[in-house]
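Here the structure is laid out as C-alpha cells; the discussion comes afterwards.
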Amino acid sequence: PKEGSYVNLIDGNTSTFFHSIYSETGPTTPHNLQIDMVTPVQKVFFKFTGRSGDYHDTPNDINVYVTNNDVLGKDPNSADAEWIAVSHLTDGFPADASEAKYTSPNFELTQACRYLRLVVNNTTTAANGRVNSTTQLPYFNFSEFQVYNGAPSAKSEYNMVAGMKD
C-alpha cells in the first residue's frame with residue numbers, strides 16, 4: 001500500500017519519498033513493504049533513509065519475513081503467517097529526525113529466498129496520532145531504501161559506491 005512512488009526509494013534524492021497509505025482506507029493489517037530480490041539470497045540486510053523535512057514517520061518496530069513462493073511474493077495482502085519469519089526488530093532505530101538513517105542486522109537465512117517483506121508495526125510518530133484515520137494503523141515513509149545481498153565487505157557496493165554507506 002502506498003501514496004508515493006516506489007521509484008522514489010531508489011532515486012538517490014532524499015527530498016522525494018515513498019509513503020504507505022495515509023489518506024484513504026488502507027489495509028486492516030500493519031503496512032508492509034515487499035521486495036522481489038529477483039535472485040534468491042541466503043544473506044540479506046537492508047538500509048533506509050527517512051524522509052527529509054517534516055513528517056518523518058520512521059519505523060521503529062519491524063517484522064522481517066522471506067519466501068520463495070511467487071504467489072505470496074507478488075501479493076502484498078497475503079497473510080504474514082504464510083511467510084517465513086526472520087526477525088522482529090525493535091532496537092537500534094533512529095530517533096524522529098529528518099533523513100534518519102538505519103542499517104539492519106545481516107540476516108543469514110536457512111534457505112535462499114527471493115522475496116523480502118518488512119511489516120511496520122510502529123513508528124516514531126504513531127503515538128502522536130500520525131496514523132491512518134480509518135484503520136488507526138501507523139503509516140511510514142522512506143526517502144531511500146536499499147537491500148544488500150550478504151554482509152558488507154571492504155570491497156562491496158556498500159563501502160565502494162559514494163553515498164551508500166553515508
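Throughout, residue positions are numbered sequentially from 1 according to the sequence presented.
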Review point. Is a donor on one side and an acceptor on the other found under 3.5 Å between the side chain of Ser143 and the backbone of Thr49?
Key: yes
Check your understanding: Roughly how far apart are Leu89 CG and Ser104 OG, rounded to 0.5 Å?
Key -> 6.5 Å
Practice item. Say whether, by atom type as modelled, one donor and one acceptor occur between the side chain of Thr58 and the main chain of Asp96 under 3.5 angstrom. Key: no
Review point. Taking the side chain as C-beta and beyond, is there a heavy-atom pair between Ser98 and His56 under 4.5 Å?
Key: yes
Point to revise | Spacing of CG belonging to Asn149 relative to CE belonging to Met37, to within rounding of 0.5 Å | key: 8.0 Å
Check your understanding: Okay, side chain of Thr123, backbone of Ala126: is any donor-acceptor separation there less than 3.5 Å?
Key -> yes
Check your understanding: Does the side chain of Val120 come within less than 4.5 Å of Ser20's, by heavy atoms?
Key -> no
Check your understanding: According to a 4.5 Å side-chain heavy-atom criterion applied to Ile, Leu, Val, Met, Phe, Trp and Tyr, with indirect links allowed, do Val66 and Ile62 form part of one hydrophobic cluster?
Key -> yes
Review point. What's the shortest heavy-atom distance between Pro59 and Phe140, and which atoms?
Key: CG-CB, 3.9 Å
Check your understanding: Quick one: does Ser87's side chain have a donor or acceptor within less than 3.5 Å of a partner on Val64's backbone?
Key -> no
Check your understanding: Does the gap between the ring centers of Phe18 and Phe142 come in under 6.0 Å?
Key -> no
**Study point:** Check: Thr124/Asn60 side-chain N/O donor and acceptor closer than 3.5 Å
**Key:** no
Review point. Mind checking whether Phe107 and Phe46 have side chains closer than 4.5 Å, heavy atoms only?
Key: yes
**Study point:** In one Ile/Leu/Val/Met/Phe/Trp/Tyr side-chain cluster, 4.5 Å: Trp83, Leu109
**Key:** no
Revision key, fill the gap. With sequence neighbours left out, the residues meeting salt bridge (Lys or Arg N to Asp or Glu O under 4.0 Å) with Asp80 are Arg117
Practice item. Compare all side-chain heavy atoms of Val71 with those of Ser78 and state whether any distance is below 4.5 angstrom. Key: no
Exercise for review: Could you tell me whether a side-chain N or O of Asn63 sits under 3.5 Å from a main-chain N or O of Ala85, the two making a donor and an acceptor?
Suggested key: no
Check your understanding: Any idea which heavy atoms bring Tyr139 and His19 closest together, and the distance?
Key -> CD1-CE1, 3.2 Å
Practice item. Kindly indicate whether the side chain of Val44, heavy atoms from C-beta on, has any atom under 4.5 Å from the side chain of Val86. Key: no
Practice item. Identify the residue among Asn69, Asn68, Asp70 that makes a side-chain hydrogen bond (donor to acceptor under 3.5 Å, both in side chains) with Tyr115. Key: Asp70
Study note, to complete from the structure: In this structure, CZ of Phe93 is separated from CZ of Phe48 (nearest 0.5 Å) by 6.0 Å
Practice item. Identify, with sequence neighbours excluded, every residue that meets side chain to side chain contact (heavy atoms under 4.5 Å, CB included) alongside Asp11. Key: Asn8, Asn13, Thr16, Glu144
Study note, to complete from the structure: With Tyr65 as partner, the option from Leu116, Leu118, Val119, Leu72 fulfilling side chain to side chain contact (heavy atoms under 4.5 Å, CB included) is Val119
Practice item. Enter the distance from Gln34:CD to Asn77:CG here, rounded to the nearest 0.5 Å. Key: 8.5 Å
Review point. Below 4.5 Å, heavy atoms only, C-beta onward: do Pro138 and Asp57 meet side chain to side chain?
Key: no
**Study point:** Same apolar cluster (I L V M F W Y, side chains within < 4.5 Å links), Tyr102/Tyr55
**Key:** no
Review point. If you look at every heavy atom in Gly150 and Asn106, which pair is closest and at what distance?
Key: C-OD1, 3.4 Å
Check your understanding: If you count the non-hydrogen atoms of other residues, nucleotides and ligands that lie under 6.0 Å from CG in Asp91, is the total more than 12?
Key -> no
Exercise for review: Could you verify whether a donor N or O on one side chain and an acceptor N or O on the other, from Asp61 and Asn122, lie under 3.5 Å apart?
Suggested key: no
Exercise for review: Could you grab the distance from atom CZ of Arg114 to atom OG1 of Thr39, nearest 0.5 Å is fine?
Suggested key: 8.0 Å
Point to revise | Heavy-atom donor-acceptor pair, Glu99 side chain to Ser52 backbone, under 3.5 Å | key: no
